[in-house]
Amino acid sequence: MTENNSMSNAEPSISEQQAIRKEKLNQLRELNVNPYPYSYDVTHTSAEILADEDSYITTTPDEPGDAKRVSVAGRVMTRRIMGKASFFTLQDSKGTIQVYIRRDDVGVEEYNKVFKKMVDIGDIVGIKGYVFKTGTKETTIRAEEFEFLSKTIRPIPTPKEVENEDGEKVTYDAFTDKEQRYRQRYVDMIVNPDVRDTFRKRTQIVQTMRNMMNERGYLEVETPILQPIYGGAAAKPFVTHHNALDMDLYLRIANELYLKRLIVGGFDGVYEFSKDFRNEGLSRFHNPEFTQVELYVAYKDYNWMMDFMEEMIEKVALALHGSTTVTVGENEINFERPWPRIPMYEAIENETGHDLSGKTTEEIFDIAKSLHIDVDESMGKGKLIDEIFGETVEHKLIQPTFITDYPIEMSPLAKKHRTKEGLVERFEAVCNGKEIANAFTELNDPVDQRERFEEQARLKADGDEEAMAVDEDFLRAIEYGMPPTAGIGIGIDRLAMIMTNSDSIRDVLFFPQMRPE
RNA sequence: GAAUCGGUAGCUCAGCUGGUAGAGCAACGGCCUUUUAAGCCGUGGGUCGAGGGUUCGAACCCCUCCCGAUUCACCA
């Protein structure tokens, strides 16, 4: 970053429309109208009225008598002014409802000088009135009182949705520029209501998972984000500095090692929804900060964890869609239990015809070359196998699938397989061609763990930036004894992408990372 | 980091082999008391992403840079 500070926000020159709207603020105050009052008594949302409209509608709107009164608040999204009466669409958090406002209902001054002259699309207003159906059978609130709640001084995009002859919805002037949608998510949410729906679903995913873990009696905990030693995953960290301690700290890349300390401490099950940070590239699938849930359960192994995950994700699909089947792009993905469980070597053999079990590093290297996979001499056995899997198998796994039993070289925190030499008890859940979870029977043999860390340290010394550091405190913890434990990390962003049929991680993050404007 | 495509009014977009910018919606002034992309008449609005170059003349051609999307590479 240079001298010219990109954090500063010099006020840009304003458009004609902004100038006009600012002037309206002065005019409103001259009319003794507060453009920014303090509260409003909202009795109904648009959705509550529309869901039960028969109980609200009066058939004699010109003589409403004791028809039910409603007050709603929201944003003016469209306007149709016809002289002495007008229609406008009011959008609140639950949807939209049409409002009909007449000069002779709200008063000449209020209608002519305030409503007609001062209201812009985007303004937040409150309406009190009663409900009727128009000639074209649209349920509409007839306003008896109108109030400004917040005057907008910046024009918002004005998309228009209409049904064509075939009954299809066509949107004109939709707000589609992705850069602006991400940078100004607030505008995106105002004019693209399905965006709000995506984020509601994301929260529903988290809540469904949290509820299930709570029902099982697992404890939701919080562990440090600022860590003196980062670990628990293979990734490059962000570094920051603590002034008072005069030491560098890392933003966590995973919370695994802290959660396992808590299992040592005596909890049977702990979980944390955690923002993790990895100093790597951005893409459709990667944001520098992302969310995982990690869960550790004592006295269980990875077989149990597969059962648990199936059940949890099936619940999520049902909660969001009322079905185990979810449409993602061109695929129908079915999360109904049980999911196939395929050992990694078997998955590779099924796809390529090569059985890697018992093969030497050199033999696997040659197989990779024969499959036209980009490999080099520096790659270890585990890395080579991972490359082969990634290139030949992973993207083909559309339906949820557990890939089990990984090479020990790639898994320094997982326990050796109880029967298969050279492998660990680890699985990844793959769905729509992408990993959505990673889990193992946790390594609780402290001597073995120390050796694995030392191997990582050798890799780090050889220049592997993603190799783990030896975490002496973590070793000390498991030297005190950690019970047999199953652990899992589930990527919430990836899961949300699948469950909401989003093709970019940016669509499931409110504020994806962007370069400064 | 590389390649491709893109950045023109508040929004969505035109703009030909170079002749200093247009449309619809939005805004502004009128008319209009059941409209719904409301309609009709009229008006204004632009650092054409930024900077340099070529040219009599650049939104357009050339160079550099900024921002974004997509694909690829690393990664969850």
Side-chain angles (χ1 to χ4, degrees), chain A residues 2 6 12-21 23-24 61-62 77-89 96 98-105 111 116-117 120-122 132-138 140 142 152-164 169-184 187 191 233-236 253-254 276-292 374 383 386-387 390 394 428-430 434-438 465-466 489-495 497 503-506 512 514-517:
Chain A
T2 57
S6 67
S13 61
I14 64 172
S15 69
E16 177 192 44
Q17 292 197 40
Q18 285 170 274
I20 289 167
R21 289 182 183 214
E23 175 54 27
K24 284 179 178 176
D62 288 327
M77 297 305 284
T78 66
R79 276 192 316 163
R80 294 172 288 283
I81 295 178
M82 302 165 304
K84 299 176 188 66
S86 301
F87 289 92
F88 64 93
T89 306
T96 62
Q98 180 170 262
V99 178
Y100 181 49
I101 182 168
R102 297 160 47 113
R103 184 194 69 183
D104 296 341
D105 290 345
Y111 182 79
K116 272 173 68 174
K117 290 292 183 187
D120 286 298
I121 289 175
F132 75 110
K133 260 197 199 273
T134 63
T136 52
K137 301 284 183 265
E138 176 158 353
T140 300
R142 182 152 161 179
T152 171
I153 59 170
R154 197 182 273 272
I156 65 169
T158 53
K160 308 230 170 168
E161 196 176 69
V162 65
E163 278 185 25
N164 65 13
K169 282 190 175 174
V170 183
T171 304
Y172 296 85
D173 299 337
F175 182 57
T176 54
D177 184 286
K178 290 208 171 186
E179 179 173 1
Q180 296 210 69
R181 291 181 57 196
Y182 298 144
R183 287 192 193 280
Q184 302 186 44
V187 176
V191 301
K236 292 172 210 152
I253 59 172
D276 293 340
F277 306 84
R278 297 190 184 173
N279 207 342
E280 291 164 353
L282 287 80
S283 81
R284 202 153 66 84
F285 296 100
H286 301 87
N287 195 65
E289 55 182 289
F290 66 103
T291 306
Q292 283 197 92
D374 197 16
K383 182 72 181 163
D386 194 38
E387 285 293 319
E394 190 174 30
E428 289 193 3
V430 181
K434 282 279 170 186
E435 176 193 339
I436 58 170
N438 181 23
E465 288 183 86
E466 295 186 348
I490 301 173
I492 298 297
D493 313 283
R494 294 271 175 93
L495 183 60
M497 284 170 67
D503 58 15
S504 172
I505 196 170
R506 299 182 190 101
M514 304 284 276
R515 286 198 163 83
E517 284 180 77

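Every chain is numbered from 1, with letters handed out A, B, ... down the list of sequences.
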For this session: With sequence neighbours left out, write down each residue that passes side-chain hydrogen bond (donor to acceptor under 3.5 Å, both in side chains) with A:T291, or none if nothing qualifies.
Result: A:R202

Problem set entry | Length of the line joining A:I153:CD1 and B:G10:P, which is rounded to integer Å | 15 Å

For this session: In whole angstrom, give me the gap between the C1' atoms of B:U12 and B:G6.
Result: 15 Å

For this session: Mind checking the OG1-CE spacing from A:T96 to A:M77? Nearest 0.5 Å is all I need.
Result: 9.0 Å

Seminar exercise, completed: Each nucleotide of nucleotides 64-70 of chain B classed B (base within 4.0 Å of a protein heavy atom), S (only sugar-phosphate) or -, in 5' to 3' order, makes ---SSSS

Seminar exercise, completed: A:Q98 meets the side chain to side chain contact (heavy atoms under 4.5 Å, CB included) criterion, sequence neighbours left out, with A:R80, A:F87, A:T134, A:E138, A:T140

Problem set entry | Residue pair A:E394 / A:D386, side-chain heavy-atom distance below 4.5 Å | no

Seminar exercise, completed: NZ of A:K84 to CZ of A:R102, rounded to nearest 0.5 Å, is 11.5 Å

Exercise. Can you list the residues that meet the ring pair (Phe, Tyr, Trp, His ring centres under 6.0 Å) rule with A:F88, with sequence neighbours excluded?
Worked result: A:F115

For this session: Taking the side chain as every heavy atom from C-beta outward, state whether A:T171 and A:E161 have any atom pair closer than 4.5 Å.
Result: yes

Problem set entry | Distance in angstrom units between A:R103 CZ and B:U35 P, rounded | 19 Å

Problem set entry | Gap between atoms CG and P, on A:D386 and B:A73 respectively (whole Å) | 14 Å

Problem set entry | P gap between B:G51 and B:A9, integer Å | 16 Å

For this session: Nearest 0.5 Å please: distance from the CD1 atom of A:I101 over to the NZ atom of A:K116.
Result: 11.5 Å

For this session: State the pairing partner of B:U4; accept Watson-Crick or G-U wobble contacts with both distances under 3.5 Å, and report none otherwise.
Result: B:A69

For this session: Would you indicate what A:T171 reaches in the nucleic acid, counting non-hydrogen atoms under 4.0 angstrom: base, sugar-phosphate, or nothing?
Result: nothing

Problem set entry | Euclidean distance, atom CZ of residue A:R102 to atom P of B:U34 [Å, nearest integer] | 8 Å

Exercise. NA contact type, A:Q292, heavy-atom cut-off 4.0 Å: base, sugar-phosphate, or nothing?
Worked result: nothing

Using atom names, set out every protein N or O paired with an N or O of nucleotides 39-43 of chain B below 3.5 Å, distance rounded to 0.1 Å.
none

Exercise. Can you tell me how far P of B:A73 sits from CZ of A:F285, to the nearest Å?
Worked result: 12 Å

Problem set entry | N or O in side chain of A:R80 less than 4.0 angstrom from B:U35 OP1/OP2 | no

I'd like a table of atom pairs between the protein and nucleotides 20-27 of chain B - only N or O on both sides, under 3.5 Å - with the distance next to each one.
from: B:G24; atom 1: N2; to: A:D173; atom 2: OD1; distance (Å): 2.6
from: B:G24; atom 1: N2; to: A:D173; atom 2: OD2; distance (Å): 3.0
from: B:C25; atom 1: O3'; to: A:K160; atom 2: NZ; distance (Å): 3.3
from: B:A26; atom 1: OP1; to: A:K160; atom 2: NZ; distance (Å): 3.1
from: B:A26; atom 1: N3; to: A:Q17; atom 2: NE2; distance (Å): 2.9
from: B:A27; atom 1: OP1; to: A:R79; atom 2: NH2; distance (Å): 2.9
from: B:A27; atom 1: O4'; to: A:Q17; atom 2: OE1; distance (Å): 3.4

Problem set entry | Interatomic distance where CD belongs to A:E280 and P belongs to B:C72 [whole Å] | 18 Å

For this session: Report which part of the nucleic acid A:Y100 touches: base, sugar-phosphate, or nothing (heavy-atom distance under 4.0 Å, all strands).
Result: base

Problem set entry | Listed partners of A:A234 passing side chain to side chain contact (heavy atoms under 4.5 Å, CB included), at least two apart | A:E466

For this session: Any chance you could measure A:I253, atom CD1, to A:N279, atom CG, to the nearest 0.5 Å?
Result: 11.0 Å

Exercise. Mind checking what makes ring pair (Phe, Tyr, Trp, His ring centres under 6.0 Å) contact with A:F290, not counting sequence neighbours?
Worked result: none

Exercise. Does A:Q180 place a side-chain N or O at less than 4.0 Å from the phosphate oxygens OP1/OP2 of B:C11?
Worked result: yes

Seminar exercise, completed: In whole angstroms, the gap separating C1' of B:U34 from CD1 of A:I101 amounts to 15 Å

Seminar exercise, completed: Note: for A:G281 and A:F87 on RNA chain B, the residue whose nearest nucleotide lies more 5' is A:F87

Problem set entry | Residues that A:S283 engages under side-chain hydrogen bond (donor to acceptor under 3.5 Å, both in side chains), provided they are two or more places apart | A:H286

Exercise. Hey, is the side chain of A:E138 pairing donor to acceptor with the base of B:U34 inside 3.5 Å?
Worked result: no

For this session: Hey, could you give me the CZ/CZ distance between A:R506 and A:R181, rounded to the nearest 0.5 Å?
Result: 12.0 Å

For this session: Applying ring pair (Phe, Tyr, Trp, His ring centres under 6.0 Å), name anything that partners A:F277, two or more places apart in sequence or on another chain.
Result: none

Exercise. Can you tell me how far CD1 of A:I20 sits from CG of A:D120, rounded to the nearest 0.5 angstrom?
Worked result: 8.5 Å

Exercise. What's the closest nucleotide to the A:K383 side chain, out of B:C74, B:G30, B:A37?
Worked result: B:C74

Exercise. With A:K383, which residues qualify under side-chain hydrogen bond (donor to acceptor under 3.5 Å, both in side chains), at least two apart?
Worked result: none

Problem set entry | Pairwise C1' distance, B:U4 and B:C41 [rounded to whole Å] | 48 Å

For this session: Find the distance A:L282:CG to B:U71:C1' and express it as a whole number of Å.
Result: 15 Å

Exercise. If pairing requires Watson-Crick or G-U wobble contacts with both distances under 3.5 Å, which nucleotide is the partner of B:G45?
Worked result: none

Can you name the atoms? Protein N/O to nucleotides 47-49 of chain B N/O, anything below 3.5 Å, with the distance.
none

Problem set entry | Rounded C1' spacing from B:G18 to B:G53 in Å | 15 Å

Exercise. Less than 3.5 Å between a donor and an acceptor, one on the side chain of A:T134 and one on the base of B:U35, is that the case here?
Worked result: yes

Exercise. With a non-hydrogen cut-off below 4.0 angstrom, is A:K137 in contact with a base, only sugar-phosphate, or nothing?
Worked result: nothing

For this session: May I ask you to say what A:A437 touches in the nucleic acid, namely base, sugar-phosphate or nothing, with a heavy-atom cut-off under 4.0 Å?
Result: nothing

